[in-house]
Amino acid sequence: MNAWKELDKKRLDKYTFIFMYKMKNTILSKRRKGKFMYYPYVVAGAGLAGLTVAERIANEKGEKVLIVEKRSHIGGNVYDSYNEDGILIHNYGPHIFHTNDREVYYYLGQFTKWNDFWHRVLTQVDGNLIPMPITLETINRLYHMEMTAEEMEKFIEKRAVPIKEIKTSRDVALSKVGEEIYSKFFENYTKKQWGVDPGEIDTSVISRIPLRFNRDTRYFTDKYQGMPRCGYTRLCEAMIQNKKIKLLLNTDFEEIRGEISYGTLIYTGPADEYFHGKHGKLPYRSVDFLMETYDLESYQDAPVVNYPNDFDYTRITEFKKLTGQEHRKTTIMKEFPKAEGEPYYPFPTAEARAQFALYQEEMKAEKNVYFLGRLAEYRYYNMDAVVRSALNLYREKLA
Ligand code: FAD
Ligand code: UDP
């Protein structure tokens, strides 16, 4: 299975290498002759946003598309690969697909079969590993009690802090669960993840984590949830099989911006980079991903374990427990959030949003350019929301 996967990957690499060699030469020689290579559609960035829109343009509209990607691979942050021990890892952090959007689920389902998967997370609090998000199970384990759902409701109600106007993630947590649970589960994790107090970030961030008065310990309860059976990279490869789609890897859009001409550009990179930082550098949160492989069948009791109060990392992912792969070794990943580096998360503050709004004004003035995806739209999108946004863009503006 792994050997087969490797072979297949080499085939893609060889194909893209030959193509890219020719492509770069063509671009350069045309420029030498004072002409520009023309594509009706150019997509900057081969993440889920870019691939979805390219797939639609080629397969639905029947038009040619050039995808320009600065990394050496497609998939953006959903890219996965086999490491040297043959374990399938998510190179840019754990990715679990979950959605209530039926169309998005079936759209992606054209390119992959799904493995059934219900994500579960444990969190280390007071030296114990207990289920996250906060459920009846979490509270009973935390306080060594045997409460019923009704008792939990009263218990939480007594502790919840009344806050008139919910303005920040701190307000969200305090008003839902009160001081003690807030400080044990949310405060320090959030400080590590974002580098600021939860009182400084948008309500939407901690609101991602539900509070449940039952024993359902799943991290997500969306109707559709799963792992692509052969991984995300295979899913992404399947999306761009059409010969009308050309892929140029290892190329920053900036490098060829002045060398090609196009009818329409779909840009999925960071919003501020497109405008050369005219209104200042937009803050994005970055992460260092540290991998470790152990000669162990199993490393931890859940696919993801969160560490709100201990260590410098936020969480540990054990990949085999996400992918279902069987292997005598196991690879884990620790996540160390940081301010500088590859942009992964748009920064969720009113100030950052206001700065982004200046770029949004600039975007309006761009002719035949659409800004799409987590980086260009500056939104804390999950995968399903990115695909939704791309399908909408195609339908409303490009079809
Ligand atoms: P990206 O994946 O960032 O793709 C953008 C691409 O554009 C990149 O490949 C980049 O190299 C390229 N690019 C940028 N600038 C240029 C340029 N100038 N020229 C050429 N190429 C350029 N979502 C979920 O639904 N479930 C999860 O469990 C989940 N976990 C996550 C964990 C982490 C650590 C992170 C960071 C994200 C997670 N997400 C998850 C979110 C998910 O990764 C995103 O929603 C999705 O991948 C965004 O796709 P995108 O195409 O908008 O952006
Ligand atoms: N969060 C927290 N404690 C946790 C898990 C999450 O305080 O144990 C907060 C934190 O602010 C985090 C946000 O909830 O950034 C969203 O968590 P999620 O698991 O959705 O983060 P992602 O997987 O997107 O990094």
Side-chain angles (χ1 to χ4, degrees), residues 42-53 67-79 90-99 104 119 121-125 132-134 169-170 172-173 182 184-194 196 198 201-202 204-210 219-220 222 225 227 232 236 248-257 266-271 273-274 284-287 289 303-309 314-315 317 322 333 335 337 342-346 348 371-377 379-387 389-390:
V42 170
V43 174
L48 267 186
L51 296 179
T52 302
V53 86
I67 306 176
V68 185
E69 166 57 57
K70 69 175 179 188
R71 293 183 187 167
S72 60
H73 59 76
I74 61 168
N77 292 337
V78 311
Y79 175 71
H90 293 181
N91 298 58
Y92 302 94
H95 277 76
I96 298 99
F97 182 77
H98 58 100
T99 189
V104 165
H119 188 42
V121 174
L122 293 173
T123 188
Q124 181 164 296
V125 171
M132 188 72 185
I134 312 288
S169 269
R170 181 172 184 271
V172 170
Y182 165 69
K184 284 180 191 287
F185 292 85
F186 295 102
E187 188 176 17
N188 296 323
Y189 187 104
T190 302
K191 279 184 183 162
K192 262 196 263 183
Q193 174 68 22
W194 301 102
V196 294
I201 59 177
D202 283 356
S204 59
V205 177
I206 285 186
S207 302
R208 287 167 65 89
I209 312 295
Y219 203 63
F220 309 113
D222 302 44
Q225 190 171 157
M227 281 291 167
Y232 289 98
C236 291
L248 194 56
L249 293 175
N250 299 308
T251 308
D252 195 313
F253 173 67
E254 204 50 44
E255 266 181 67
I256 58 157
R257 195 173 183 163
I266 296 96
Y267 178 84
T268 73
E273 282 183 18
Y274 181 88
Y284 291 91
R285 197 74 179 147
S286 191
V287 184
F289 300 110
V304 172
V305 176
N306 289 354
Y307 291 90
N309 308 309
T314 47
R315 58 187 176 188
T317 299
L322 286 181
M333 170 190 268
E335 289 175 57
E342 192 74 3
Y344 293 127
Y345 293 85
F371 295 85
L372 177 72
R374 182 147 145 148
L375 300 171
E377 293 181 69
R379 294 184 64 171
Y380 191 172
Y381 274 151
N382 285 331
M383 291 181 270
D384 62 328
V386 162
V387 174
S389 184

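Start at 1 with the first residue, then count along the sequence. Ligands are counted one by one from 1 in listed order, and the atoms in each one are counted from 1 as well. Any value given below was found using the heavy atoms of this structure, including those in side chains, with hydrogens, waters and symmetry copies removed.
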Check: For the side chain of Tyr232 and the backbone of His95, is there at least one donor-acceptor N/O pair under 3.5 Å apart?
Finding: yes
Notebook entry, point to check: When only distance counts, is Phe186 in polar contact with ligand 2, meaning an N/O pair under 3.5 Å?
Noted result: yes
Check: What protein heavy atom sits nearest atom 7 (O) of ligand 1, and how far away is it?
Finding: Gly45 CA, 3.2 Å
Note to self: Can you name the atoms of ligand 2, numbered from 1 with element, that are less than 4.0 Å from a heavy atom of Gln193?
What the structure shows: 15 (O)
Next item on the list: Taking only heavy atoms of Gly269 into account, list the atoms of ligand 1 that are under 4.0 Å away from them.
Entry: 14 (C), 15 (N)
Check: Is Phe289 close to Glu335 at the side-chain level, that is, under 4.5 Å between some pair of heavy atoms?
Finding: yes
Next item on the list: Report the C-alpha distance between Leu249 and Ile74 in whole Å, list the side-chain angles of each, state the deciding distance to 0.1 Å, and finish with yes or no for side-chain contact (heavy atoms from CB on, under 4.5 Å).
Entry: CA-CA 8 Å; Leu249 293 175; Ile74 61 168; 4.1 Å; yes
Check: Within less than 4.0 angstrom of ligand 1, does Tyr274 place any heavy atom?
Finding: no
Next item on the list: Select the closest option to atom 34 (C) of ligand 1 among Tyr380, Tyr92, Phe220, judged by heavy-atom distance.
Entry: Tyr92
Notebook entry, point to check: In terms of ring plane angle, is the pair Tyr79 and His73 parallel, tilted or perpendicular, where the classes change at 30° and 60°?
Noted result: parallel
Next item on the list: Using the side-chain contact (heavy atoms from CB on, under 4.5 Å) rule, pick out the option among Asn382, Asp384, Val387 that qualifies with Thr99.
Entry: Asp384
Notebook entry, point to check: Near Ile96, which atoms of ligand 1 are under 4.0 Å from a heavy atom of that residue?
Noted result: 24 (C), 25 (O), 26 (N), 27 (C), 28 (O)
Item checked: Proximal atoms of ligand 1 relative to Val78 (non-hydrogen, under 4.0 Å) -> 47 (O)
Checklist line | Nitrogen or oxygen atoms of Arg208 and ligand 2 under 3.5 Å apart | finding: yes
Next item on the list: Please work out which of Thr190, Val305, Val172 has its closest non-hydrogen atom nearest to atom 9 (C) of ligand 2.
Entry: Thr190
Notebook entry, point to check: Heavy atom under 4.0 Å from ligand 1: found in Val287's side chain, backbone, both, or neither?
Noted result: neither
Check: Is there a donor-acceptor pair under 3.5 Å between the side chain of Thr52 and the backbone N or O of Leu48?
Finding: yes
Note to self: On a heavy-atom basis, I'd like to know which of Arg285, Glu273, Met383 is closest to atom 23 (N) of ligand 1.
What the structure shows: Met383
Checklist line | Numbered atoms and elements of ligand 1 in range of Gly47, under 4.0 angstrom, heavy atoms | finding: 4 (O), 6 (C), 51 (O)
Check: In terms of residue, atom name and distance, what is the protein heavy atom nearest to atom 12 (C) of ligand 2?
Finding: Tyr189 CE2, 3.9 Å
Notebook entry, point to check: Is the Trp194 to Tyr380 ring centre distance short of 6.0 Å?
Noted result: yes
Checklist line | Protein contact of atom 51 (O) of ligand 1 - nearest heavy atom, named by residue and atom, plus distance | finding: Ala49 N, 3.0 Å
Note to self: Minimum heavy-atom separation for Gly75 and Cys236, please, with both atom names.
What the structure shows: CA-SG, 3.8 Å
Check: So which bit of Asn77 gets within less than 4.0 Å of ligand 1, heavy atoms only: side chain, backbone, both or neither?
Finding: both
Note to self: Under 4.0 Å, counting heavy atoms only: does Phe97 come that close to any atom of ligand 1?
What the structure shows: no
Next item on the list: Heavy-atom contacts with Phe185 under 4.0 Å: which atoms of ligand 2 show up? List them by number with element.
Entry: 2 (C), 3 (N), 4 (C), 7 (O), 8 (O)
Notebook entry, point to check: Near Asn306, which atoms of ligand 2 are under 4.0 Å from a heavy atom of that residue?
Noted result: 4 (C), 5 (C), 8 (O)
Notebook entry, point to check: Within 45° of the six-membered ring axis of Tyr189 and under 6.0 Å from that ring's centre, is NZ or CZ of Arg315 located there?
Noted result: no
Margin query: Looking at non-hydrogen atoms alone, which of Glu69, Glu377, Arg71 comes nearest to atom 9 (O) of ligand 1?
Written below: Glu69
Margin query: Tell me the contacting part of Leu51 for ligand 1: side chain, backbone, both, or neither, using a 4.0 Å heavy-atom threshold, strictly below.
Written below: neither
Item checked: Contact atoms of ligand 1, heavy-atom distance to Gly373 under 4.0 Å -> 52 (O)
Notebook entry, point to check: So which protein heavy atom does atom 48 (C) of ligand 1 come closest to, and at what separation?
Noted result: Val386 CG2, 3.7 Å
Check: How far is atom 16 (C) of ligand 1 from its nearest protein heavy atom, and which residue and atom is that?
Finding: Lys70 CD, 3.9 Å
Next item on the list: Would you please determine whether Glu187 falls within less than 4.0 Å of ligand 2 on a heavy-atom basis?
Entry: no
Notebook entry, point to check: Donor-acceptor pair, Lys192 side chain versus Tyr307 backbone, under 3.5 Å?
Noted result: yes
Notebook entry, point to check: With only distance considered, is Glu342 within less than 3.5 Å of ligand 1 through an N or O on each side?
Noted result: no
Checklist line | Minimum-distance protein heavy atom relative to atom 45 (O) of ligand 1 | finding: Tyr381 O, 2.8 Å
Item checked: Under 4.0 Å to a heavy atom of Arg315 - the qualifying atoms of ligand 2, by number -> 22 (P), 23 (O), 25 (O)
Notebook entry, point to check: Looking at atom 39 (N) of ligand 1, what's its closest protein heavy atom, distance included?
Noted result: His95 NE2, 3.3 Å
Notebook entry, point to check: What protein heavy atom sits nearest atom 52 (O) of ligand 1, and how far off is it?
Noted result: Arg374 N, 2.9 Å
Margin query: I'd like to check which ligand 1 atoms, numbered from 1 as shown, lie under 4.0 Å from a non-hydrogen atom of Pro270.
Written below: 14 (C), 15 (N)
Check: Nearest protein heavy atom to atom 14 (O) of ligand 2, by residue and atom, and its distance?
Finding: Ile209 CG1, 3.5 Å
Next item on the list: Identify, for atom 19 (N) of ligand 1, the protein heavy atom at the shortest distance, and state residue, atom and that distance.
Entry: Phe253 N, 2.8 Å
Next item on the list: Side-chain contact test, heavy atoms from C-beta onward, threshold under 4.5 Å: evaluate it for Asn250 versus Glu69 and give yes or no.
Entry: no
Next item on the list: Kindly indicate, with the supporting measurements, whether the criterion side-chain contact (heavy atoms from CB on, under 4.5 Å) is fulfilled by Thr314 and Asn306.
Entry: CA-CA 6 Å; Thr314 47; Asn306 289 354; over 6 Å; no
Check: Would you call Arg71 and Glu342 a salt bridge, taking side-chain N to carboxylate O under 4.0 Å as the test?
Finding: yes
Check: Tyr219 heavy atoms, cut-off 4.0 Å: which ligand 2 atoms fall inside?
Finding: 5 (C), 18 (P), 19 (O)
Notebook entry, point to check: Is the shortest N/O to N/O distance between Ile201 and ligand 2 below 3.5 Å?
Noted result: no
Item checked: Ser169 (side chain) donor-acceptor with Asp202 (main chain) under 3.5 angstrom -> yes
Notebook entry, point to check: Is NZ or CZ of Arg374 both nearer than 6.0 Å to the six-membered ring centre of Tyr344 and within 45° of the ring axis?
Noted result: no
Note to self: Within the 4.0 Å heavy-atom shell around Val68, which atoms of ligand 1 are there?
What the structure shows: 20 (C), 21 (N)
Note to self: Would Arg208 and Phe220 count as a cation-pi pair here, with the cationic atom under 6.0 angstrom from the ring centre and within 45° of the axis?
What the structure shows: no
Checklist line | Ligand-side contact atoms (ligand 2) for residue partner Val205, heavy atom cut-off under 4.0 Å | finding: 11 (O), 13 (C), 14 (O), 15 (O), 16 (C)
Notebook entry, point to check: Which of these, Tyr345, Tyr381, Tyr380, has its nearest heavy atom closest to atom 21 (O) of ligand 2?
Noted result: Tyr380
Next item on the list: Could you tell me which atoms of ligand 1, counted from 1 in the order shown, lie closer than 4.0 angstrom to a heavy atom of Thr251?
Entry: 20 (C)
Checklist line | Nearest-option assignment for atom 30 (N) of ligand 1, heavy atoms, candidates Gly93, Pro94, Ser286 | finding: Pro94
